[in-house]
2 protein chains.
Amino acid sequence: MRLLVLDFLFKQQAAVSLNDLEAAFHRADRITLYRTLKTFEEKGLVHSIVDGTGSVKYARCEEGCECAPEDLHVHFHCNLCNETYCLPKARIPEIALPENFKTEEISLIMKGTCASCS
Amino acid sequence: MRLLVLDFLFKQQAAVSLNDLEAAFHRADRITLYRTLKTFEEKGLVHSIVDGTGSVKYARCEEGCECAPEDLHVHFHCNLCNETYCLPKARIPEIALPENFKTEEISLIMKGTCASCS
DNA sequence: TCTTTGCCTGCAACTGCATTGCAATGTTTA
DNA sequence: TAAACATTGCAATGCAGTTGCAGGCAAAGA
Ligand SMILES: [Mn+2]
Ligand SMILES: [Mn+2]
Ligand SMILES: [Zn+2]
Ligand SMILES: [Zn+2]
């Protein structure tokens, strides 16, 4: 099961929600798929994306990704096709914070119209 | 009711969730508070923040804010005190996107330790 | 003043996503 | 083979967000 899911995830262009997975593997139990995603995330195979649509998306991590701040990239959610894409080439720039703020994670979500939809 | 909530919101340093409001106005109904926030957001008095904690936060808009891309600022979620702050002085820099991506909204959430907690 | 109209509020119910407990099944290891 | 461990499926639960409906209140009109 996990191998099938991993294969599926690595073939996707866009990030995948639990519902997407369920639709692709209608013979597998929703909970199994849920735990599979959690396991993959824990092991650093995928990263999760909270894009504000209400359902968390998952996408594979780049080769050698540690999910560290320097590995972070922008995510883009298209309001037309409703897909969320990783933009690994759009790195998140340094942000100047007020005194004594210590950053551990950054999430940058852009919304609009993707290339396929425009 | 709305006047009380508006006054409360404008006094806060950190963004406020529906649960926060409910705790502050335990005599008011949860739904009324919910709809009050929605109304304020619709009228441009507050903006909502999806910080990935599972509950949406609300904070007042700056004077003259149109919630347009140029009004956008960074939000910071402290993992210790669990508060989410607006950082209106930390503007979101321009991000270079691939060809044909059109941006309508940007959300930049930073997580870490805030000044009060460090 | 009396009535109509529209807005505000509260209760109840419902949705959808995420999460956990537990038992059954399957797989590895001693 | 037997024990230990990992994976899966079912059921149930929690929680944030959302909607329908009806009563109450207050402004606007007759
Ligand atoms: Mn990504
Ligand atoms: Mn803000
Ligand atoms: Zn699109
Ligand atoms: Zn803090």
Side-chain angles (χ1 to χ4, degrees), chain A residues 1-10 12 14-59 67 75 77-79 81-84 105 107 109 111, chain B residues 1-10 12 14-59 67 75 77-79 81-84 105 107 109 111:
Chain A
M1 194 69 247
R2 289 186 185 177
L3 290 174
L4 291 175
V5 172
L6 192 64
D7 184 60
F8 177 83
L9 281 173
F10 275 60
Q12 300 306 307
V16 166
S17 71
L18 180 55
N19 277 334
D20 295 335
L21 263 195
E22 210 184 353
F25 296 89
H26 55 277
R27 301 191 51 189
D29 190 73
R30 177 181 183 82
I31 313 300
T32 300
L33 297 170
Y34 167 76
R35 284 194 269 232
T36 299
L37 287 172
K38 284 297 207 183
T39 303
F40 287 172
E41 186 182 20
E42 199 180 313
K43 301 298 181 185
L45 295 172
V46 303
H47 59 279
S48 61
I49 308 161
V50 179
D51 59 12
T53 59
S55 58
V56 178
K57 309 288 192 327
Y58 295 84
C67 285
H75 291 112
H77 176 78
C78 175
N79 292 324
C81 63
N82 224 30
E83 300 279 11
T84 298
E105 305 165 58
S107 135
I109 313 282
K111 300 196 183 187
Chain B
M1 194 68 246
R2 290 186 185 177
L3 290 175
L4 291 175
V5 172
L6 193 63
D7 184 60
F8 177 83
L9 281 173
F10 274 59
Q12 301 305 307
V16 166
S17 70
L18 179 54
N19 277 334
D20 295 335
L21 263 195
E22 211 184 353
F25 295 89
H26 54 276
R27 302 190 50 186
D29 189 72
R30 178 181 182 83
I31 313 300
T32 301
L33 296 171
Y34 167 75
R35 283 194 270 232
T36 299
L37 287 173
K38 284 297 207 182
T39 303
F40 287 171
E41 186 183 19
E42 200 180 313
K43 301 297 181 185
L45 295 172
V46 304
H47 59 279
S48 60
I49 309 161
V50 178
D51 60 11
T53 59
S55 58
V56 178
K57 309 289 193 327
Y58 295 84
C67 285
H75 291 111
H77 177 79
C78 175
N79 292 324
C81 63
N82 225 29
E83 300 279 12
T84 298
E105 306 165 58
S107 138
I109 312 284
K111 300 194 185 187

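In what follows, chains are A, B, ... by sequence order, proteins preceding strands, each numbered from 1. Only heavy atoms go into these numbers, but all of them, side chains included; no hydrogens, no water, no symmetry mates.
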**Report entry** nucleotides 11-22 of chain C: protein proximity per nucleotide (B base, S sugar-phosphate only, - neither; heavy atom, under 4.0 Å)
**Finding:** BB----SSBBB-
Query raised in the report: CG of A/L6 versus C1' of D/dT7: gap in Å, rounded?
Result: 16 Å
Report task. Say whether A/H77 and A/T84, considering side chains only, have a donor N or O and an acceptor N or O under 3.5 Å apart. Result -> yes
**Report entry** Closest non-hydrogen atom pair, B/F40 against B/R2
**Finding:** CZ-O, 3.4 Å
Report summary line: Rounded to whole Å, the CD-C1' distance (B/E22 to D/dG17) equals 12 Å
**Report entry** Polar side-chain atom of A/K111 near backbone of A/D51 as donor-acceptor pair, under 3.5 Å
**Finding:** yes
Side-chain donor-acceptor contacts of residues 16-27 of chain B below 3.5 Å, not counting sequence neighbours, with atom names and distances?
residue : atom : partner : partner atom : Å
B/S17   : OG   : B/N19   : N            : 3.4
B/S17   : OG   : B/D20   : N            : 3.1
B/S17   : OG   : B/D20   : OD1          : 3.4
B/S17   : OG   : B/D20   : OD2          : 3.1
B/N19   : OD1  : B/R30   : NH1          : 3.0
B/D20   : OD2  : B/S17   : N            : 2.9
B/E22   : OE1  : B/R30   : NH1          : 2.4

Query raised in the report: Who are the ring-ring contact (aromatic ring centres under 6.0 Å, His included) partners of B/Y34, not counting sequence neighbours?
Result: none
Report summary line: Rounded to whole Å, NE2 of B/H26 lies from C1' of C/dT9 at a distance of 17 Å
Requested in this report: Check for a donor-acceptor pair, side chain of B/T36 on one end and backbone N or O of B/T32 on the other, with a separation under 3.5 Å.
Outcome: yes
Requested in this report: Take the protein atom CG of B/L3 and the nucleotide atom C1' of C/dC8, then report the distance between them rounded to whole Å.
Outcome: 12 Å
